Amino acid sequence: MKMSQNTPDKEDQSSTNKKSISLPISRVRLIMKSSPDVSSINQDALFLTTKATELFVQHLAVASFNNGPGKATNSLSYTDLANTAEEMETFHFLTDILPKKILARDYLQSLEQMQDGNDDADF
């Protein structure tokens, strides 16, 4: 019995791999190449990075859905993602990328309060 009969062709494996990911590989390659430290990208590394990114985004979405009010409305919003990034230690590194939204008037009020506080401290 030949070993090749038990294993699929490389072409079959690569087409199966491409079907198992949703993110466009070309975009992931472009992002990876934007780093000055990267000169060339192995196809296996590109596939694994793309798949890992998909799994991470899925994990973030599920955690945000489960921890937010989205279960009741069967929806997921930016606010749910921002709250998850702020509240869960696992995703805390995303707080700069997913900040909580703040209205301009609220920001201006807090800015005025900070300036008033600084003016009082000068005396």
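We count residues from 1, following the sequence as given. Computed from a predicted model, the values in this text were never measured in an experiment.
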Distance in Å, [X] [atom1] paired with [Y] [atom2], rounded so as to fall on 0.5 Å steps:
{"X": "Ile25", "Y": "Ile41", "atom1": "CD1", "atom2": "CD1", "answer": "11.5 Å"}
{"X": "Phe91", "Y": "Asn67", "atom1": "CZ", "atom2": "CG", "answer": "9.0 Å"}
{"X": "Asp80", "Y": "Leu98", "atom1": "CG", "atom2": "CG", "answer": "11.5 Å"}
{"X": "Asn83", "Y": "Ser64", "atom1": "CG", "atom2": "OG", "answer": "8.5 Å"}
{"X": "Phe47", "Y": "Ser20", "atom1": "CZ", "atom2": "OG", "answer": "4.0 Å"}
{"X": "Ile97", "Y": "Leu81", "atom1": "CD1", "atom2": "CG", "answer": "12.0 Å"}

Inset, instruction - Please name the residue in the list Leu23, Val28, Leu46, Ile21 that meets the side-chain contact (heavy atoms from CB on, under 4.5 Å) test with Lys51. - result: Ile21
Inset, instruction - Give a yes or no answer on whether the side chain of Ser35 reaches the backbone of Met32 with a donor-acceptor pair at less than 3.5 Å. - result: no
In one Ile/Leu/Val/Met/Phe/Trp/Tyr side-chain cluster, 4.5 Å: [X], [Y]:
{"X": "Leu48", "Y": "Ile31", "result": "no"}
{"X": "Tyr78", "Y": "Val62", "result": "no"}
{"X": "Met88", "Y": "Phe93", "result": "yes"}
{"X": "Ile102", "Y": "Leu111", "result": "yes"}

Inset, instruction - Write down the atom of His92, the atom of Glu86, and the distance for their closest heavy-atom approach. - result: ND1-O, 3.6 Å
Legend entry - Where Pro99 and Asp96 come nearest, the two heavy atoms and their spacing: CD-O, 3.7 Å
Legend entry - Side-chain heavy-atom pair Gln58, Leu55 within 4.5 angstrom cut-off: yes
Inset, instruction - Just do the side chain to side chain contact (heavy atoms under 4.5 Å, CB included) check on Asp106 and Gln109 with the steps written out, would you? - result: CA-CA 5 Å; Asp106 295 339; Gln109 270 182 340; 4.0 Å; yes
Inset, instruction - Evaluate side chain to side chain contact (heavy atoms under 4.5 Å, CB included) for Leu60 paired with Leu94, printing each intermediate quantity in order. - result: CA-CA 10 Å; Leu60 173 62; Leu94 294 173; 4.0 Å; yes
